[in-house]
Number of protein chains: 2
Amino acid sequence: MSNDEHIYQQILNAIVEHQLPPGARLPEDRLSEAFSVSRTGIRKVLQRLALEHFVIIEKNKGAHVNRPSETEASEVLDSRMLIEPQLIPALLSHWDLTQSKRFRDMVLEEKQAEATNQLAESIQLTARFHYELANLSGNQVLARFIEQLCYRSSLILAAYGTRGSVGCECGDHTQLLDLLDEKKSDQAQVWMHHHLQHIKSSLILDSTTDNNIDFQQLFTH
Amino acid sequence: MSNDEHIYQQILNAIVEHQLPPGARLPEDRLSEAFSVSRTGIRKVLQRLALEHFVIIEKNKGAHVNRPSETEASEVLDSRMLIEPQLIPALLSHWDLTQSKRFRDMVLEEKQAEATNQLAESIQLTARFHYELANLSGNQVLARFIEQLCYRSSLILAAYGTRGSVGCECGDHTQLLDLLDEKKSDQAQVWMHHHLQHIKSSLILDSTTDNNIDFQQLFTH
DNA sequence: TTCCTATAAACTGTATACAATGTTATTTAT
DNA sequence: ATAAATAACATTGTATACAGTTTATAGGAA
């Protein structure tokens, strides 16, 4: 892997795993010394992350981890609800026991990470489950897009997630795998839609976040 | 508009309008002197274009306009077929006479550009028709993605298009507008799917392109 | 103290320099 | 004349320098 790519992955992971929380500043000097490259290389990576909406770059103010707006959060989940279920027919044409086993192992890892409170691992695996499925559809263009949306979803959970967002998930990913094994395309699609809807519902999206407090209403009783 | 953004748009337009055909090299210093900025600014733009698949950057070899592979072409069109029809219900909820007029004007411009052989304008307007529709759906995330796919489609037409690809289009965009005016959601979705399928069918995707010639078969008679 | 202003520090934006790599042209030998 | 080898050139990769802007700090007046 090229060096740029390595730095990109490191920073992206840190963001997705909430090590770098939304709003965290990303000064070029600090990063360049951390990775022992010049600012040139860091800027390249930051600009890429900005295009992919993981960081925001403000002119003369530098980069910070994106704090997704509520509409952004909503739109990302809506996009996934629109696309991911539709990938299931194509996906099923590549589905066999080997794949089934692979994904079941993934779910096992997922549960284990959750049980041992390895939050970072848990987040990564949850996202990975979804975008590896998308990948099986065979359409690289859509798969890459879904991959991005999955990572952005992790960022969204960091900002608006509740305890229920990651954990319970109205019955876990195993249910989907069962449906896929039985080639129940329609039911699998419905399940996927419900699943994503559930995640979206678990978010706290009622515009009562810090920067938008209505003091008038708050103190007038 | 920031200067970077300006340069980006200029180069992107040139690519989309086939002024810079697939495979065309994009040397940094030539561009930097054309836009009278340093190579730094150019590299930034080129890297963005590379992430968006409009150009390819090869290490130590620089950038050239992407020549989409057949699978890429196929996947981009498939992606559009999957998404664009689905946007129609949401789109219809924002549809009114003002919008109808706006899009009918656009189609008029489109026809006019085509009639007067303004190929560049014609290409831009065809793409714009689709991504402005996507925009009306209200989901910015999906709309930006569709916008990119529309521009990539222009590049694909440059590589694999036939005379039929741009022009005839199995009845033009007006038909869709009529369906939208009548709020016939389902029929509009079907139309959109057919429309994109037609474009895809008009491409020459039979792997008999230059780099893949079977000389054995060609000279053994 | 509190607020405003002035100064200093930190950081980013852009250009340029130099090294590394790739490409082309020229030479030399067969 | 052709092919390989070498040298000259062109182009990219990366680091660094300097200017411009923002942010933090310190000092002084109300």
Side-chain angles (χ1 to χ4, degrees), chain A residues 1-12 14-15 19-69 155 210-211 215 219, chain B residues 1-15 19-68 155 210-211 215 219:
Chain A
M1 180 160 43
S2 94
N3 197 29
D4 290 335
E5 191 67 18
H6 174 250
I7 296 174
Y8 166 81
Q9 280 297 339
Q10 292 273 108
I11 298 181
L12 178 56
I15 292 174
Q19 316 266 338
L20 289 170
R25 300 205 54 221
L26 302 168
E28 298 176 356
D29 290 339
R30 221 74 61 74
L31 290 171
S32 67
E33 99 183 34
F35 290 104
S36 52
V37 294
S38 80
R39 277 176 52 212
T40 310
I42 295 297
R43 286 180 69 84
K44 186 167 152 187
V45 170
L46 288 178
Q47 276 154 18
R48 172 170 178 191
L49 289 166
L51 282 175
E52 296 171 347
H53 302 102
F54 296 113
V55 316
I56 302 287
I57 296 179
E58 283 170 303
K59 175 132 179 155
N60 288 322
K61 288 195 182 179
H64 58 90
V65 178
N66 183 21
R67 191 194 306 277
S69 70
L155 200 49
D210 48 6
N211 50 1
F215 290 100
F219 297 117
Chain B
M1 178 160 44
S2 95
N3 197 29
D4 290 334
E5 191 67 18
H6 174 250
I7 297 173
Y8 167 81
Q9 280 297 339
Q10 292 275 107
I11 298 181
L12 179 56
N13 282 344
I15 292 174
Q19 316 268 338
L20 288 170
R25 298 204 57 220
L26 303 168
E28 297 178 356
D29 42 9
R30 220 76 59 74
L31 291 171
S32 68
E33 98 183 35
F35 290 104
S36 53
V37 294
S38 80
R39 279 176 52 213
T40 311
I42 296 296
R43 285 179 70 82
K44 187 168 153 187
V45 170
L46 288 178
Q47 275 154 20
R48 172 169 177 191
L49 289 166
L51 282 175
E52 296 171 347
H53 302 101
F54 297 114
V55 315
I56 301 288
I57 297 180
E58 282 169 305
K59 174 129 179 156
N60 287 322
K61 288 197 181 176
H64 58 90
V65 178
N66 183 20
R67 190 194 307 276
L155 200 50
D210 49 4
N211 50 1
F215 289 100
F219 296 118

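Labels below follow one simple rule: chain letters A, B, ... track the order of the sequence lines, proteins then strands, and each chain is numbered from 1.
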Visitor: How close do B:V45 and B:Y8 get, heavy atom to heavy atom, and via which atoms?
Guide: CG1-CA, 3.7 Å

Visitor: Taking only side-chain nitrogens and oxygens of A:R43, does any of them come within less than 4.0 Å of OP1 or OP2 of C:dG13?
Guide: yes

Visitor: Which atom pair, heavy atoms only, marks the closest approach of B:H53 to B:N66?
Guide: O-ND2, 3.1 Å

Visitor: If I take atom CD in residue A:E33 and atom P in nucleotide D:dT16, what distance separates them, rounded to the nearest angstrom?
Guide: 13 Å

Visitor: Let me know the distance between CD1 of B:I42 and C1' of C:dT16, rounded to the nearest Å.
Guide: 15 Å

Visitor: In the structure I gave you, are the side-chain heavy atoms of B:F35 and B:I11 within less than 4.5 Å of one another anywhere?
Guide: yes

Visitor: Specify the closest pair of heavy atoms between B:R67 and B:G23, including all atoms of both residues, with the distance to one decimal.
Guide: NH2-CA, 3.9 Å

Visitor: Using whole Å, report how far CD of B:E28 lies from C1' of C:dG22.
Guide: 14 Å

Visitor: Heavy-atom distance under 4.5 Å between the side chains of B:R43 and B:E28, does that happen here?
Guide: yes

Visitor: Distance check needed: D:dT23 C1' versus A:R25 CZ, whole Å only.
Guide: 9 Å

Visitor: Polar atom pairs between nucleotides 17-19 of chain D and protein, under 3.5 Å, N or O only, would you list them?
Guide:
none

Visitor: Counting only non-hydrogen atoms, which of residues 53-62 of chain B are less than 4.0 Å from DNA chain D?
Guide: B:K59, B:N60, B:K61, B:G62

Visitor: Would you mind reading off the distance between B:L31 atom CG and D:dA10 atom C1', rounded to a whole angstrom?
Guide: 15 Å

Visitor: Taking the side chain as every heavy atom from C-beta outward, state whether B:R25 and B:K61 have any atom pair closer than 4.5 Å.
Guide: no

Visitor: Verify side chain to side chain contact (heavy atoms under 4.5 Å, CB included) between A:L31 and A:L46, making sure each step is shown before the conclusion.
Guide: CA-CA 10 Å; A:L31 290 171; A:L46 288 178; 4.2 Å; yes

Visitor: Could you tell me how far apart A:N3 (CG) and D:dG13 (C1') are, to the nearest whole angstrom?
Guide: 12 Å

Visitor: Would you indicate whether the side-chain heavy atoms of B:V65 and B:L155 approach each other to under 4.5 Å?
Guide: yes

Visitor: Over how many whole Å does the gap from B:H64 atom NE2 to C:dT23 atom C1' extend?
Guide: 15 Å

Visitor: When rounded to the nearest 0.5 angstrom, what is the spacing between CD in B:E33 and CD1 in B:I42?
Guide: 10.5 Å

Visitor: Rounded to whole angstrom units, what separation is found between the CG atom of B:D4 and the C1' atom of C:dA15?
Guide: 14 Å

Visitor: Measure from the side chain of B:R30, starting at C-beta and using heavy atoms only, and say which of C:dT12, C:dA15, D:dT11 lies closest.
Guide: D:dT11

Visitor: Under 4.0 Å: is that the gap between some side-chain N or O of A:T40 and OP1 or OP2 of D:dT14?
Guide: no

